[in-house]
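Here's the structure we're looking at; comments come further down.
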Amino acid sequence: MKITKTLLAASLLSAATPTFAGEVEVLHWWTAGGEANAISVLKTMLEQQGYSWIDFGVEGGGGESAMRVLKTRAVSGNPPSAANIKGLDIQEWARLGFLTSLNQVSDKENWDNVIPNIISNVMKYDGQYVAVPVNVHRINWLWANAEVLKKAGASVPTTLDEFFVTADKIKAIGVIPLAHGGQPWQNATLFEVIALDVLGSEDYIKAFVDLDMEILGSDKMVEAFTQFKRVLSYVDDDAPGRNWLEATSMVIKGEAGMQIMGDWAKGEFSAAGKIPGKDYICAPALGTSGKFTYNVDSFAFFELHDEENFEAQKALASTILNPKFQEVFNLNKGSIPVRVDMDMSHFDQCALDSMQEFKSSAKTGDLVPSMAHGMSTTSYVQSAMFDVITNFFNDSDETPEQAVQRLVKVVKSSM
Ligand code: BGC
């Protein structure tokens, strides 16, 4: 039996609800169907413990708008209790003195034992937890409509070359081969998947983590842009500005055959009642089987001066790592739990594959951080990369060689 949000809420309701005065205001950008279902689990569980929840959802995939709003609020001295802040940005907020230590909770609950090191290191500043991870998203996924593939007589591609064969077959039956939204973060998401395939894990890390100029300016990087352009030729003309969830919905409805996107897309398939393996296929994108681009959502906790609200913050932090929450949240969100000790029996095959590859890729050096989702580098370098990639997306006259030259130049100046 699948554990659903409703079931969970019912079982929690049967317990007596204490009331506390503390409240949490939580900033996020989870406003799409699956995302909203997921965050509402946290709200329910907090309220069941007697705390108040003030929802601070800012629309906009990838979270750029949410981060802009957060900066304004924090700078004016009125930060929320917690905000979905990821990767290196956590260190930056902590360094500026905005965040609070959660060690009272993390020591008591032994977080070090349940969170993989690669993730807990990012959550800590000066040895103290200042953020709590919620999940692990995998970026290098390909989503395909099973019916469209069948009609086109096409198979799930397992290499870039096979992708083009499948895309041509889908095109031949009058369906858009690849659903995509031409927003900077989506362009970067697609690009980094292609780059992982073309460069391999080692050079991907050199380029996007170490910012190695030799790799950034290499022929392989030119090849990544060349393949990016070729993949984009299978996208329809209405892509610029399109939301990621509209793109996912095109695949759900069979208006498009495939999408390359992180597994929050699965949250949309699930919210629409679609079954993996039957209605849609999840597969490692292009030739990236065995590789895993990770994107960890996490809530950073702001320093507050109200004691009751601090109590509510601690309850929030503890709830995020509660196994029951981890299960129901991630079932809705499309991601996998961040705890390594979870019972995965309620999860679907996509999640099981993801968990398996998350663990095995860590051993082979193929677990790589997402540039597009703020895991690999600072937001300055990231936004410089977004500019180059999106400029290339928009300007059909720019050559891959020119894009690579620009990439080297702008990365150098934003380091
Ligand atoms: C976040 C996901 C979110 C996606 C689309 C990513 O950066 O990590 O949680 O679903 O953006 O908004």
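Just so it is clear, the structure is predicted and the values come from calculations on it, not from any experiment. Here, residue 1 is the first one in the sequence, and each next residue gets the next number. Note that ligands are numbered from 1 as they come in the structure, with each ligand's atoms numbered from 1 the same way.
Polar contact check, Trp264 against ligand 1: no nitrogen or oxygen pair lies under 3.5 Å apart. Inclusion of Gly63 in the set of residues having an N or O under 3.5 Å from an N or O of ligand 1 is not warranted.
At the top of the distance list for atom 6 (C) of ligand 1, counting protein heavy atoms only, stands His373 ND1, 3.4 Å. The closest protein non-hydrogen atom to atom 1 (C) of ligand 1 is Asp297 OD1, 3.4 Å. Looking at atom 2 (C) of ligand 1, its nearest protein heavy atom turns out to be Lys333 NZ, 3.5 Å.
At a 4.0 Å heavy-atom cut-off, ligand 1 does not touch Asn84 at all.
Counting only non-hydrogen atoms, the option in Glu268, Glu35, His137 that gets closest to atom 5 (C) of ligand 1 is Glu35.
With ligand atoms numbered from 1 in the order given, ligand 1 contributes 12 (O) to contacts under 4.0 Å with heavy atoms of Gly61.
Between Phe191 and Phe208, the two ring planes are perpendicular [angle over 60°; tilted spans 30° to 60°]. Between Trp264 and Trp185, the angle of the ring planes lies from 30° to 60°, which puts this pair in the tilted group.
A ring-centre distance under 6.0 Å is not found for Tyr280 and Trp141.
Residues Glu327 and Lys324 are paired through a salt bridge, judged by an N-O separation under 4.0 Å between the basic side chain and the carboxylate.
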Under the side-chain contact (heavy atoms from CB on, under 4.5 Å) criterion, do Phe301 and Leu99 qualify, and how do the steps go? CA-CA 6 Å; Phe301 283 70; Leu99 304 184; 5.9 Å; no
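Around NZ of Lys314, the count of heavy atoms belonging to other residues, nucleotides or ligands within 6.0 Å exceeds 12.
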